[in-house]
Amino acid sequence: MSTTLTTIILILIITTTITTTISTNPTTYPCHPPHNTQYQFCNTSLSISTRAHALLSLLTLSEKVNRLCNNDTGISRLDVPPYEWWSESLHGIASNGPGIDFVAGPIKAATSFPQVIVTTSSFNRSLWFSIASAIAVEARAMYNVGQAGLTFWAPTINVFRDPRWGRGQETPGEDPMVVSAYAVEYVTGFQGGGLRNGGTGGRRRVLTGNGGEKELMVSACCKHFSAYDLENWGKYTRYNFNAIVTEQDMQDTYEPPFKSCILQGKASCVMCSYNAVNGIPACADQKLLQKTRTEWGFKGYITSDCDAIATIYEYQNYTKSPEDAVALALKAGTDINCGTYMLRHTKSAVDKGKVEEEVIDKALLNLFEVQLRLGLFDGDPIKGKYGKLGPQDVCTSDHKNLALEAAKQGIVLLKNDNKFLPLQKHDVSSLAVIGPMANVTDELGGGYIGVPCSPTSILEGLKKYVKKTTFSSGCVDVACTSNGGIKEAVSISIKADFVIIVAGLDLTQETEDRDRFSLLLPGYQKALVTTIAATSKKPIVLVLTGGGPLDVTFAQGDPRIASIIWIGYPGEAGGRALAEIIFGDHNPGGKLPVTWYPESFTSVPMNNMNMRSDISKGYPGRTYRFYTGDIVYGFGHGLSYSSYTYSILSAPNNLYVFGSLRTKADNILKQKGIFSNYLYVNELEEHCNSLTFNMEISVTNHGPFDGSTTVMAFARVPGHFKGAPLKQLVEFERVHIVSYKDARTRILVDPCKHLSIVNEFGKTILPLGNHTLLVDDVEHVVSIAM
Ligand SMILES: *[C@@H]1O[C@H](CO)[C@@H](O)[C@H](O)[C@H]1NC(C)=O
Ligand SMILES: *[C@@H]1O[C@H](CO)[C@@H](O)[C@H](O)[C@H]1NC(C)=O
Ligand SMILES: *[C@@H]1O[C@H](CO)[C@@H](O)[C@H](O)[C@H]1NC(C)=O
Ligand SMILES: *[C@@H]1O[C@H](CO)[C@@H](O)[C@H](O)[C@H]1NC(C)=O
Ligand SMILES: *[C@@H]1O[C@H](CO)[C@@H](O)[C@H](O)[C@H]1NC(C)=O
Ligand SMILES: *[C@@H]1O[C@H](CO)[C@@H](O)[C@H](O)[C@H]1NC(C)=O
C-alpha cells in the first residue's frame with residue numbers, strides 16, 4: 001500500500017468524525033444580491049446548460065483543476081462558496097460523509113430507517129418511495145441550516161451476489177429486477193423528480209419530461225458502477241480486484257439496476273467503483289461510463305469512489321504514472337474524484353499533454369449543471385420551495401412512524417412451529433431476553449448510520465409488553481469468543497416463562513472492507529442458543545440480526561427452537577417493531593430478498609463472478625435464478641400468522657408475435673435462412689405492446705389474522721437455452737388481505753421484457769414455445785409462437 005493511499009484512506013475513515021460547517025447564509029450564494037447578478041451564469045431565465053457554460057468561461061485552468069475533488073474550496077473572486085460533494089443517505093442521513101455534521105448546528109439527530117436489505121424485504125414500492133422522500137426532506141432541512149450538502153451518494157444498487165459480502169446489507173438483495181425497482185423508487189422519491197405512480201397492477205410509469213434538465217430537491221447517486229461486490233477476500237480486495245464478467249451476466253445481472261436507476265429513476269449521479277471490470281478499472285473505462293450517457297440518457301455527474309483514481313495506478317497498476325491515471329479517468333468520463341488525487345495530478349497531466357483542457361471542461365459542465373439544478377447558486381434555492389425546511393421537519397412523528405412501519409413490514413418470520421407465535425400478552429408472566437445484540441441501539445442500524453432520533457433496543461421494546469423481563473448478554477460481544485457468559489444466561493432463562501434469544505451479526509462481522517469467511521453464527525453463539533433451548537421451560541424464539549445470510553440449519557430442525565425471526569438491521573424503531581410482531585400486534589409479511597446458503601457455499605471462490613452454474617467444474621451458480629445446490633432458506637421465503645393461497649384467474653394460453661402480419665414473420669425467417677426457436681427482442685419493438693397482457697391473481701387469506709403478503713410472479717422459459725435462469729421474477733406486488741377474505745391483483749406482463757432472456761452474446765431474445773408463469777405453487781402455461 002502506498003503511503004499516499006494509506007494516508008488518504010485514513011483521512012476518509014477519520015472524516016466520519018470531522019465536522020465542517022457549510023455556510024448557507026443567503027449572502028454567500030454567488031447569484032443572490034448583492035453578488036454577481038450581472039453575470040450570465042446567474043441569470044435564472046437562461047437554461048441550466050447555458051448558465052453552466054457561462055460559469056465555465058470565467059475560469060482559469062487552475063480554477064478548473066481545483067473543482068475536481070469532493071471538498072471544493074470555492075472560487076472567492078466569483079463568490080462561489082466552498083462545497084462538499086460527499087454526503088451520505090443510504091437509509092437515513094448518515095455521518096459517513098464529511099458533508100454531514102450532527103454537532104455544529106441545531107439538528108442533532110435524523111430518522112434512522114432500517115438498513116436497505118430489511119426495507120427491501122417488505123417488497124412494498126410505495127414504502128420505499130416514502131422513505132426516500134422522507135430522507136430528502138431531512139436532507140434539505142439539514143442543508144438549510146448548514147449541516148449537510150445537497151449531493152448524496154446513495155443508493156447502493158449492486159446485486160447481492162455472494163452471501164459473504166460485507167456490504168450486501170446495503171443492497172436491495174440478489175434479484176436484478178428487485179434491485180432495479182428499488183433504485184427507481186429511491187431515486188425518484190429522493191430527488192423529488194416526479195410523482196409516484198400510485199396505481200395498481202405493478203408496472204410503474206416511466207418518468208418522462210425534460211428529465212435531465214429538471215430541478216433537483218437533492219441529488220442521488222447510483223453506486224457502485226460496476227460489478228462491485230467484494231470487499232476483502234483472500235488476496236482480493238476491492239482496490240485490486242479485477243471482476244471477470246461474461247457478457248451474458250453483465251447484461252442480465254450487473255447492469256440492469258444501473259440502467260433503471262438512470263433511465264427510469266433519472267439519477268443525477270453515478271459512482272464508478274474501485275474494481276476493474278474485465279481488465280479495465282471502472283473509473284477508467286470509457287465504454288462502461290459513456291454507455292450511461294449515450295444509451296441511457298444520463299444527465300448528471302460521475303464521481304469516483306473515494307480514491308478510486310489513485311487505485312488505478314497504485315492498486316490496479318493499470319497506468320505507469322499518477323498523471324496517466326488521472327488523464328485516463330477524465331477521458332473515460334469520470335467528472336470528479338472523491339479524494340485529492342485529481343487535484344494533485346491533473347495540472348501536471350495537462351502540462352505533459354496527457355489530457356486536454358476541453359476534457360476537464362466537459363467534466364465541470366456536468367458538475368455545474370447538477371449544482372445549478374439544485375439551486376445551489378441562487379439562494380433560497382428553487383424559488384423558496386425547499387427553503388422553509390428546517391429542524392421542525394427532521395425526526396417528525398411521521399418520519400419516526402415510517403421507520404417503525406418499515407421495520408414491521410420488512411422483518412421476516414422464517415420458522416413458526418405449531419403457530420408458537422404470536423405470544424398472547426396475558427399468557428406471558430415473565431420473559432428472559434438473551435444475546436449480545438438485545439440491549440444495543442445504534443448497532444441495529446447497520447452500516448451508514450447517523451444519529452437516530454429515538455433509538456429503542458430490543459430489550460426496551462419487549463419490556464413494554466412484559467414488565468417482568470430479565471436480560472443477559474450471553475456473550476460479551478457479537479464475536480462471542482468465550483462461552484463464559486452462557487451460565488448466567490441459562491440461570492435467568494430457566495426461571496422465565498418464555499425466552500427470546502437474539503443472535504447473529506453486527507458490523508464487527510460484516511461491513512465495508514470486511515467480508516465474512518463463514519455463514520455460521522460467530523464464535524460460541526450457536527452453543528449459547530442450543531444450551532438455552534435445551535434448558536428452557538418451553539421452546540424458545542430465536543431472533544437473528546445481520547444483513548448477510550446465516551446458516552442456521554441447526555435451529556431449523558430443532559423443535560426446542562419454535563420460531564425464528566430475521567430482523568436484519570431494523571433501524572431506530574426495530575426494537576418496537578419486533579415486540580409488536582412477537583405479541584401479535586403486527587402480522588409479519590416480509591420475505592427474504594436473498595438466498596440463504598449453507599456453510600458449504602463458502603468453498604465457492606468469492607472472486608468467481610459467474611452467475612451461471614458450471615456443474616462440470618463443481619460451480620453451483622448464484623442466486624435463486626441459477627444456483628442449483630442446497631439452501632437454508634430461499635429467495636422469497638417468509639411466513640405469516642395467516643396462511644395464504646394463490647390462484648391465477650386469467651392469463652392467455654397463446655400469443656402470436658406477429659398476429660396477422662405473417663409476411664413479416666416470413667421475412668424474418670428468410671433473413672435468418674434457418675428456422676429459429678427464438679426472436680431478437682430488438683427486432684420486435686413494435687410488436688411488444690400487442691403481446692403485453694394482464695395476469696389476474698387472487699390471494700386468499702385463510703386467517704386467523706388480517707395481513708399483507710407479497711405476490712411474486714415468476715417465469716420459466718421453454719426448452720434448453722444456454723444459461724437460461726431456472727426461473728426469473730416477472731413482477732411483485734405487496735397486497736393486504738383481510739382475514740378469511742381474498743384480494744386480487746393484476747400484473748402486467750410484457751413478454752419482450754419479462755419472458756425474454758439474455759443469450760451468451762449479451763443479446764436479449766424471446767424464446768418461442770411454452771413459457772411457464774409461476775405464482776407460489778400455481779403454474780400457467782403461455783405458448784408464444786410467430
Ligand atoms: C437574462 O437572460 C435573458 C434571456 O436571454 C435576457 O433577456 C435578459 O436580459 C438577461 N438578464 C440579464 C440581467 O442579463
Ligand atoms: C476542505 O478543505 C478546506 C480548505 O482547504 C479545509 O479547511 C477542510 O478541512 C477540508 N475538509 C475536509 C473534510 O477535508
Ligand atoms: C502493483 O504494483 C505493486 C507495487 O509495484 C505490487 O506490490 C502489486 O502486487 C501490484 N498489483 C497488481 C495487481 O499487479
Ligand atoms: C442496557 O443497556 C443500557 C445502556 O447501555 C444500560 O444502561 C442498561 O443497564 C442495560 N440493561 C441491562 C438490563 O443490562
Ligand atoms: C405499503 O407501505 C405503505 C407505506 O407504509 C402502507 O401504507 C401500505 O399499507 C403498505 N402496503 C401493504 C400492502 O402492506
Ligand atoms: C405446449 O403446451 C401445449 C398444452 O399444454 C401442448 O399441447 C404443446 O405440445 C406444448 N408445446 C410444446 C412445443 O411443447
Side-chain angles (χ1 to χ4, degrees), residues 7-23 30-55 65-76 80-88 95-101 103-104 146-149 151 153 306-307 336-341 343-344 372 377-378 430-444 452 455-464 466-477 485 488-489 491-493 496 500 502 575:
T7 323
I8 297 163
I9 288 172
L10 280 177
I11 290 170
L12 297 182
I13 291 166
I14 294 165
T15 48
T16 46
T17 54
I18 288 180
T19 63
T20 53
T21 307
I22 301 150
S23 170
C31 300
H32 194 272
H35 304 295
N36 298 330
T37 37
Q38 79 285 7
Y39 280 123
Q40 265 211 342
F41 81 90
C42 287
N43 186 339
T44 50
S45 47
L46 298 173
S47 74
I48 294 289
S49 160
T50 309
R51 293 181 67 192
H53 276 94
L55 175 56
V65 170
N66 280 336
R67 310 275 76 72
L68 299 175
C69 79
N70 60 295
N71 181 15
D72 186 329
T73 47
I75 314 166
S76 51
V80 172
Y83 182 70
E84 174 55 72
W85 285 87
W86 181 9
S87 292
E88 297 282 354
S95 336
N96 303 56
I100 304 293
D101 180 359
V103 180
Q147 294 183 260
T151 45
W153 292 347
C306 294
D307 283 310
I336 196 173
N337 170 212
C338 175
T340 55
Y341 211 65
L343 205 59
R344 288 181 282 135
L372 287 163
F377 292 174
D378 302 332
S430 63
L431 197 60
V433 180
I434 311 291
M437 286 286 275
N439 188 32
V440 299
T441 52
D442 286 6
E443 287 83 348
L444 294 180
T456 36
S457 68
I458 292 170
L459 184 60
E460 284 172 82
L462 291 166
K463 270 187 171 162
K464 291 236 161 70
V466 182
K467 270 223 174 70
K468 220 177 137 204
T469 291
T470 53
F471 164 73
S472 166
S473 71
C475 305
V476 262
D477 54 21
E488 185 199 276
S491 76
I492 71 153
S493 62
I500 291 164
V502 185

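Note that ligands are numbered from 1 as they come in the structure, with each ligand's atoms numbered from 1 the same way.
Distance screen at 4.0 Å: atom 5 (O) of ligand 1 has a protein heavy-atom neighbour inside the cut-off. Protein non-hydrogen atoms do reach within 4.0 Å of atom 14 (O) of ligand 4.
The closest protein non-hydrogen atom to atom 12 (C) of ligand 1 is N43 ND2, 3.4 Å.
Here is the list of ligand 4 atoms found below 4.0 Å of a heavy atom in F471: 12 (C), 13 (C), 14 (O). The atoms of ligand 1 that sit less than 4.0 Å from any heavy atom of L46 are 2 (O), 4 (C), 5 (O). Near N439, with a cut-off below 4.0 Å to any heavy atom, the atoms of ligand 4 are 1 (C), 2 (O), 3 (C), 8 (C), 10 (C), 11 (N), 12 (C), 14 (O). Listed by number with element, the atoms of ligand 1 under 4.0 Å from a non-hydrogen atom of S45 are 1 (C), 2 (O), 3 (C).
Using cut-offs of 30° and 60° for the angle between ring planes, the F41 and F377 rings count as perpendicular.
The two residues C31 and R51 come nearest to each other via the heavy atoms SG-NH2, 4.0 Å. In this structure, P81 and P30 approach most closely via the heavy-atom pair CD-CD, 3.6 Å.
Y83 and T73 form no side-chain donor-acceptor contact under 3.5 Å, judged by distance and modelled atom types alone. E488 and S491 share no side-chain donor-acceptor pair at under 3.5 Å.
Geometrically, ligand 2 and T73 share no nitrogen or oxygen pair separated by less than 3.5 Å.
Once rounded to the nearest 0.5 Å, the distance linking OG1 of T469 with NZ of K463 reads 7.0 Å.
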